[in-house]
Amino acid sequence: MKTRQTAAHSFTAPDPTRHRDTASAKSPHCDTIPKQCSHCDTAPRLALAGNPNVGKSVVFQALTGLYAEVSNYPGTTVDITSGRFGSYHVIDTPGVFSLADGNDEERVARDALLDCDCILNILDATHLKRDLFLTLQLLALGKPMLLAVNLMDQAEKSGIRLDLPALSRILGVKIIPIAAAKGIGLDLLKESLPALSRCTSPDSDQDCGSNRSCISDANDPNRSPNTNDQGGSPRIADTEEAYTRLREEADRLAAQVVRIRSRKPTCSDKLGHALLNPLTGIPCFAALLCLLFFFIGRFLSSTVVDFTEGYLMGDCYYHFIFGLIARFLPPDSFLGNLLIGEYGLLTMVPTYLFGLLLPLLIGFYFSLALLEDSGLLPRIAVLCDRFFMKFGLNGKAVIPLLLGFGCVTMALVTTRILGTKRERLIASVLLCIAVPCSAQFSVIMVIAGTLPPFYLFCYTAVILSLFFLLGSLLNRFLPGTGSDLFLALPPLRLPGLKNGLQKTAMKSKHFLRDAGPMFLIGSLLISTLFYTDGFVTLRELLLPLTEGLLGLPGETATLFLMSIIKRDLGAAYLHSMASQGLLSFPQMTVALTVMTLFVPCFASLAILFKERGAAAACAIWLGSLAAAFGAGGLMTLLLQ
Amino acid sequence: MKLSDVNKGSFCYIRSLPPGNIRMQALRLGFCPHAKALCLSRIRHGPVVLLLADQEIACGQRLAQRIAVSRLETDLPWHGSGQNTKGAAK
C-alpha cells in the first residue's frame with residue numbers, strides 16, 4: 001500500500017484551493033468506468049451513501065432544498081428520497097453499514113447504489129474507522145465518488161485529528177471536510193459535485209475517484225469483496241472472509257490517518273451512561289412521559305384547545321359561517337345540512353381539524369421531534385430489550401412502537417429496521433392494535449386527564465394487559481425465533497430547535513393532507529345518513545353492540561363509523577361527546593378502550609398490504625376489531 | 001469468559017464471535033476478535049453496552065452469552081484506546 005504519513009489535518013474552515021490540489025490526482029482508470037447512464041436521456045443520478053446517523057439527510061437537504069426527516073437514531077431513512085441538485089438527480093439512501101442485502105434497508109440502499117451514476121459517501125469524522133468499511137466497498141463499485149467527512153467540529157472537540165489529505169491520496173478520491181448541521185464546508189461540497197458527473201463520460205479526463213490501485217488487498221480484483229463480472233454490474237460479495245479482509249483494511253487505513261487524544265468523559269457521556277442504568281434511566285424516561293402527559297393532557301387541552309376550539313372555531317367561526325350560509329340556504333335543507341349541519345363540511349370538519357386536533361398534534365409532534373433528535377430512543381431500546389424479549393422482539397422494536405404514537409402508518413414502514421420477518425409481523429400487529437396514532441393519543445390524553453384515578457387505572461391496565469397478552473401469544477404461536485439486539489448507539493445531543501420546528505411543520509402538513517380528504521368524506525357520508533334517517537337504521541342495527549355489549553349510548557354508532565373512516569375523526573367525535581356530557585365516567589373509559597384498540601386507518605391498511613401481505617393485513621384488521629370490542633365488553637363487565 | 005459476565009467499568013478483548021449474520025454485522029462495526037472494549041453498562045438479564053473505538057454498542061443478553069472475551073485488568077485511559085489494539089492483543 002502506498003501511503004505517506006503527513007501532519008494530522010485539523011479542522012477549521014475548509015480551504016477550497018488546498019482540497020482541490022491535494023485531492024485531485026488524475027485517475028488512470030477514468031475511462032474504464034462503466035458507461036454511465038443506463039438512462040442516457042436522464043440526469044446523472046448521485047446517490048448519498050453512508051452509515052446510519054452520519055448526516056446524509058442533512059446533506060440531502062442542503063443540496064436539494066427539500067426537507068428530509070432528520071433524527072438521531074439509526075433507521076430514520078428506510079426508503080429512497082430524491083430531489084434535484086444542478087444537473088443531478090440526488091438520491092438519499094437508507095444508512096447501512098455494508099452493501100449486503102441482509103434486511104430491507106440494506107437491499108434498498110444496495111439497489112440504489114448499484115443503479116446510480118456517481119456516489120457521495122458521507123462519513124462520520126468521530127467514527128471514521130467504522131465508516132471506512134463501507135467506503136472501501138463503495139470504492140470497489142468503480143463509480144465516480146466523492147467523500148464528505150461530516151461532524152468535523154465534533155471530532156475536533158473530542159480530540160480526534162484526521163489526516164484527510166493522506167486519506168485522499170491513499171483512496172484516490174477527493175475528500176471534503178464538513179460540519180453539515182452548521183453549514184460548514186457545504187459550499188465547497190456543492191462546488192465539487194459538478195466535476196464528479198463529468199467523470200461519467202467515456203472520454204472524460206477528470207478525477208473520477210476510481211484510483212483504487214493503491215488500495216491493496218481489499219480491492220484486489222481477485223480477492224475483492226465487490227468483484228466485477230465481465231463488463232456487467234458489480235457483484236457484491238458478502239462472505240465472512242471478504243468482510244474480515246475489509247475490516248482489516250479499514251483498520252489499517254484508520255491507524256494511518258486517525259489520531260485520538262485521550263479525554264475525560266463529558267457531561268453528555270455521563271448522562272448517556274446514567275440513562276443506560278435501569279435505576280436512573282427508567283425514572284428519567286418515566287418523568288419524560290409524565291411531562292408529555294401534563295403538557296398535552298393538561299396544558300394544551302385546557303388552555304390552547306379551549307381557545308382554538310371554544311373561542312376561535314366555536315364563538316367566532318361557527319357563528320360567522322352559520323349566519324353567512326343560512327342567509328342563502330335553509331339549515332334544515334339537504335344542502336344546508338351538508339354544509340352547516342351538525343356534521344357539516346363547513347362546521348364539523350374545520351372545527352375538528354383546526355380547532356381540536358391541529359393544536360394538540362403540533363404540541364405532540366414537536367415533543368416527539370425533540371425526543372427523536374436527542375438520541376434517547378436507542379437508549380430506551382436498550383432498557384426495554386429484556387421486556388421485549390418476552391414478545392419475541394428485541395429492544396430495537398421500541399423505535400417503531402414509539403414512533404407509532406406519532407403516525408402508525410410511518411411506524412409500519414420503520415419496522416423494516418427489525419431483523420426478521422417474524423419480528424416485523426409481531427411489531428406490526430402491536431402497532432395496529434395497541435398503539436394509538438398521534439391524534440387519537442392526544443385526544444386520549446385529554447380525556448384521560450378528566451378521568452378519576454380509578455378509571456384511568458382500569459383503562460391503562462386493560463390496554464397494557466392486552467399488549468402483553470397479544471405479544472406473548474404471537475411469540476408463542478408464530479414459527480421462528482427473534483434476533484438479538486445489536487445496536488450502535490448514537491451520541492446524546494441537544495435537540496435542534498430548527499429541525500424540531502421543520503419536522504413538526506412537515507408532519508402537520510402531512511396530517512392535514514392525509515386527514516383532510518378523509519374528514520370530508522366522513523362528513524359527507526354521515527351528513528347524508530343523518531338527513532336520510534339512515535343513521536337511525538344503523539344505530540338500531542348496532543344497538544346490541546353499543547348498548548348491549550358495551551353499555552354505551554346509541555350515538556356511539558356514529559363514533560365507530562367515523563373511526564372506520566379515520567381514527568382521528570372518531571377521536572375528535574369522542575372528545576366532542578365527552579365535552580357535551582353525553583358519557584358517564586365508566587362509559588368514557590369503555591369508549592376510550594374501544595377507540596384505542598380500534599381498526600387501523602385506510603393509509604395504515606394500505607401499508608400493511610404492501611409490507612405484510614394481504615392475508616396478514618386482513619387478519620390484523622379483523623383482529624383489531626375483535627380486540628376492541630372484546631376488551632370494551634370486558635371493561636363494561638369490570639366497571640359494572 | 002463470556003461477554004455477559006464482564007462487569008461494568010471493566011476492559012476486555014473480544015476473543016470470538018458467534019458465526020452467522022451477527023458476526024458479519026459485528027465486523028462492519030469494528031467489533032471483531034482482538035478489539036478492545038470497555039463495558040459501560042450491564043443490565044441484569046439484559047443487554048451489555050460496550051464502548052469500542054469511541055462507539056457505544058449494545059449487545060442483547062443472548063448474544064453476549066455467545067461472545068467470548070478475555071478480561072483486561074489494567075486501568076486504561078477513558079477514550080481513544082480503541083485504536084491500534086491488534087498488536088496489544090497479540
Side-chain angles (χ1 to χ4, degrees), chain A residues 51 96-98 100 102 124 126-127 129-130 132-134 158-160 238-240 243-244 246-248 250-252 254-255 258-265 269 272-273 275-278 281 378-379 381-387 389 394-396 419 482-491, chain B residues 3-4 8-9 14 17-36 38-67 75-89:
Chain A
N51 283 203
V96 289
F97 289 111
S98 75
D124 177 349
T126 60
H127 297 114
K129 181 175 164 179
R130 180 198 69 187
L132 280 171
F133 183 91
L134 177 68
S158 305
I160 298 169
D238 44 13
T239 60
E240 193 181 316
Y243 271 39
T244 309
L246 263 183
R247 174 40 58 202
E248 285 172 4
D251 288 355
R252 206 173 302 143
V258 182
R259 292 285 172 270
I260 306 179
R261 283 198 308 268
S262 294
R263 65 177 175 93
K264 288 186 175 174
D269 291 328
H273 301 161
L275 290 173
L276 290 171
N277 182 342
R379 282 161 180 85
V382 172
L383 287 180
C384 293
D385 184 57
R386 192 179 153 195
F387 172 75
M389 276 170 68
N394 65 51
K396 248 200 258 185
S483 62
D484 292 309
L485 176 75
F486 190 73
L487 181 66
L489 302 180
Chain B
L3 179 60
S4 54
K8 183 182 168 183
I14 311 294
L17 295 163
N21 190 36
I22 204 83
R23 189 183 173 95
M24 309 278 275
Q25 282 185 39
L27 282 170
R28 296 174 218 173
L29 288 170
F31 191 110
C32 45
H34 309 304
K36 187 172 64 186
L38 165 67
C39 176
L40 289 177
S41 168
R42 196 183 78 180
I43 297 171
R44 202 172 131 80
H45 302 301
V48 177
V49 182
L50 297 173
L51 182 71
L52 193 143
D54 225 21
Q55 167 73 62
E56 291 179 12
I57 297 171
C59 298
Q61 192 210 12
R62 278 183 312 200
L63 175 62
Q65 283 171 343
R66 290 185 289 144
I67 296 175
D75 187 24
L76 291 172
W78 170 256
H79 281 181
S81 49
Q83 306 286 337
N84 302 322
T85 53
K86 274 190 80 173

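Below, all heavy atoms of this structure are taken into account, side chains as well, without hydrogens, waters or symmetry copies. Labels below follow one simple rule: chain letters A, B, ... track the order of the sequence lines, proteins then strands, and each chain is numbered from 1.
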- Item | Distance (rounded to the nearest 0.5 Å) between A/L487 CG and B/Q25 CD | 10.0 Å
- Select, from B/I22, B/L29, B/L50, the one with the greatest count of heavy-atom pairs under 4.5 Å involving chain A. B/L29
- Task: Could you tell me which portion of A/T244 (side chain, backbone, both or neither) has an atom closer than 4.5 angstrom to a non-hydrogen atom of chain B?
- Result: both
- Item | Test item: B/S41 side-chain N/O and A/N277 main-chain N/O as donor-acceptor pair under 3.5 Å | no
- Query: Is there side-chain contact between A/Y243 and B/R28, with at least one heavy-atom pair below 4.5 Å?
  - Reply: yes
- Note on the structure: Among B/G30, B/A64, B/C32, the residue with the most heavy-atom pairs under 4.5 Å to chain A is B/G30
- Do you know which two heavy atoms are closest between B/L63 and A/L485, and how far apart they sit? CD2-O, 3.7 Å
- Item | Proximal component of B/R42, with respect to chain A [non-hydrogen, under 4.5 Å] | neither
- Query: Roughly how far apart are A/D124 CG and B/Q55 CD, rounded to 0.5 Å?
  - Reply: 8.0 Å
- Query: Looking only at heavy atoms, what is the nearest atom pair of B/P47 and A/V382, with distance?
  - Reply: CG-O, 3.3 Å
- Query: When rounded to the nearest 0.5 angstrom, what distance separates CZ in A/F97 from CG in B/L27?
  - Reply: 13.0 Å
- What is the distance from atom CD of B/Q61 to atom CG of A/D385, rounded to the nearest 0.5 Å? 8.5 Å
- In Å and rounded to the nearest 0.5 Å, what is the OG to CE distance from A/S98 to B/M24? 7.5 Å
- Is there a side-chain contact between A/H273 and B/V49 (heavy atoms, below 4.5 Å)? no
- Less than 4.5 Å apart, any side-chain heavy atom of B/R62 and any of A/M389? yes
- Interface moiety of A/L383 toward chain B, non-hydrogen atoms closer than 4.5 Å: both
- State the NZ-CG distance between A/K129 and B/L52, to the nearest 0.5 angstrom. 7.0 Å
